[in-house]
There are 2 protein chains.
Amino acid sequence: MEPGDSTKQARAAAQLRKGVLEYCVLALMRDRPRYGVELLHALEESGALATSQGTVYPLLSRLRRDDLVTTSWQESASGPPRRYYALTDSGRAALDEFTRVWPGFRNAVDAFLTTPHPPTGEIV
Amino acid sequence: MEPGDSTKQARAAAQLRKGVLEYCVLALMRDRPRYGVELLHALEESGALATSQGTVYPLLSRLRRDDLVTTSWQESASGPPRRYYALTDSGRAALDEFTRVWPGFRNAVDAFLTTPHPPTGEIV
DNA sequence: CCAGGTATCTTGCATTGCATGGAACCAGGT
DNA sequence: ACCTGGTTCCATGCAATGCAAGATACCTGG
């Protein structure tokens with residue numbers, strides 16, 4: 001999916017990311033701290049959630065503003081210092097909450113897409 | 001989930017709906033035309049995608065503006081006339097497109113939530 | 001005639017993904 | 001010393017979307 005793409009497929013995918021990206025980023029921080037470009041690459045490799053710096057950095061700013069993550073600078077051997085993002089207790093709670101809500105949501109969408117909606121209405 | 005609720009759970013669910021609601025509404029019209037309140041009730045019964053009139057009617061206006069649906073007035077035996085919404089060819093194409101994109105997206109999110117992200121990095 | 005249920009729609013706001021652009025740090029070649 | 005390219009961070013402005021709140025209108029029954 002190239003930048004600037006505005007096909008129907010791209011639009012659907014872009015809208016899908018809304019609200020999910022935040023929690024996928026939190027999930028990536030679950031087992032260890034991460035820095036911005038690292039998160040970007042991980043999302044890229046997932047395929048369906050590939051995005052850009054212009055999306056990730058404002059998102060990370062919001063997470064920090066809402067106290068879901070804390071940050072710390074760390075030297076790098078191959079470039080400028082990196083800002084690492086780590087989950088706070090609130091961040092972990094938000095991730096757990098999403099993990100609870102997600103299956104119900106996913107199944108509801110699956111049902112809408114696969115269940116027939118008969119012309120006669122459901123069991124009157 | 002009550003209106004005006006602003007718990008973390010409600011916020012996560014609200015963001016999840018973004019971009020998905022449009023296609024669930026299209027899916028509801030797949031087998032027969034529907035009118036606004038009917039759609040509202042169907043979403044309500046699904047649980048995870050319950051929403052309000054203030055969301056559905058602007059959405060339906062957008063669908064009509066983009067030629068994804070056509071509308072026709074029809075008398076009702078128990079109230080004011082109803083505006084029925086039916087899929088156009090473009091609407092059906094958009095729904096099919098989403099149906100193709102959705103599984104990949106769903107599986108990607110599942111993977112982020114359930115796959116461990118080891119501290120040592122993946123297979124160096 | 002008026003109260004309540006059904007049905008439609010508008011307005012304004014907050015949130016969010018994104019394109020674009022900019023800045024700083026480091027290593028290597030010339 | 002200079003400059004090119006890779007890496008890393010961030011800000012600004014726009015468009016799309018869900019939502020609360022409010023407005024309008026039709027119909028039936030008391």
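Residue A:Leu49 contributes atom CG, which lies 16 Å from atom P of C:dT16 at whole-angstrom precision. The distance from atom CZ of B:Arg83 to atom C1' of D:dC26 is 15 Å, rounded to the nearest whole Å. Nucleotide D:dC19 holds its C1' atom 11 Å from the CD atom of B:Gln15, rounded to whole Å. Regarding A:Trp73, its CH2 atom lies at a distance of 17 Å from the P atom of D:dT7, rounded to whole Å. If you measure from atom OH of A:Tyr23 to atom P of C:dT16, you get 8 Å, rounded to the nearest angstrom. Remark: C1' of D:dT8 and OH of A:Tyr84 are 11 Å apart, rounded to the nearest angstrom. To the nearest angstrom, C1' of D:dA16 lies 13 Å from CG of B:Leu63. Between A:Leu39 atom CG and D:dT8 atom P there is a gap of 12 Å when expressed in whole angstrom units.
Remark: A:Ser52 is in phosphate contact with C:dA19, judged by side-chain N or O atoms under 4.0 Å from OP1 or OP2. Between A:Tyr35 and D:dT8 there is a side-chain N or O to OP1 or OP2 distance below 4.0 Å. Within the structure, a side-chain polar atom (N or O) of B:Thr51 is placed less than 4.0 Å from OP1 or OP2 of D:dC19.
Here CG of B:Leu87 is found 12.5 Å from CZ of B:Arg32. Values are rounded to the nearest 0.5 Å. Note: B:Arg92 CZ to B:Arg30 CZ = 8.5 Å, rounded to the nearest 0.5 Å.
Nearest nucleotide to the side chain of B:Arg17, out of D:dA25, D:dT8, D:dC19: D:dC19. For B:Pro58, the side-chain atoms get nearest to C:dT10 when compared with the rest of C:dT10, D:dT8, D:dG18. Distance from the side chain of A:Tyr57 is smallest for D:dC9 among the nucleotides D:dT7, D:dC9, D:dG18. When distances are taken from the side chain of A:Arg62 to each of C:dC9, D:dG18, C:dG17, the shortest belongs to C:dG17. For A:Arg82, the side-chain atoms get nearest to D:dT8 when compared with the rest of D:dT17, C:dT10, D:dT8. For B:Thr55, taking side-chain heavy atoms from C-beta onward, the closest of the listed nucleotides C:dG17, C:dA7, D:dG18 is D:dG18.
At a threshold of 4.0 angstrom between heavy atoms, the contacts of A:Gly54 include nucleobase atoms, whether or not backbone atoms are also involved. Counting non-hydrogen atoms under 4.0 angstrom, A:Gln53 reaches a base of the nucleic acid. At a threshold of 4.0 angstrom between heavy atoms, the contacts of B:Leu60 with the nucleic acid are absent.
What you find for A:Ala48 and B:Gly104 is that their closest heavy atoms are CB-O, 4.0 Å.
Taking 4.5 Å as the limit, every side-chain heavy atom of A:Arg83 sits out of range of all side-chain heavy atoms of A:Leu60.
For the pair B:Gly79 and A:Asp66, nearest-nucleotide mapping onto DNA chain C gives the more 5' position to B:Gly79.
Contact of B:Lys18 with C:dT15 (side chain to base): a donor-acceptor pair of N or O atoms is detected under 3.5 Å.
The aromatic rings of A:Phe98 and A:Tyr23 sit parallel, their planes meeting at an angle under 30°, below the 60° perpendicular limit.
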Should A:Leu49 and B:Phe105 be marked as a side-chain contact (heavy atoms from CB on, under 4.5 Å) after you check the CA-CA gap, both sets of side-chain angles, and the distance that decides it?
CA-CA 7 Å; A:Leu49 283 156; B:Phe105 174 82; 3.9 Å; yes

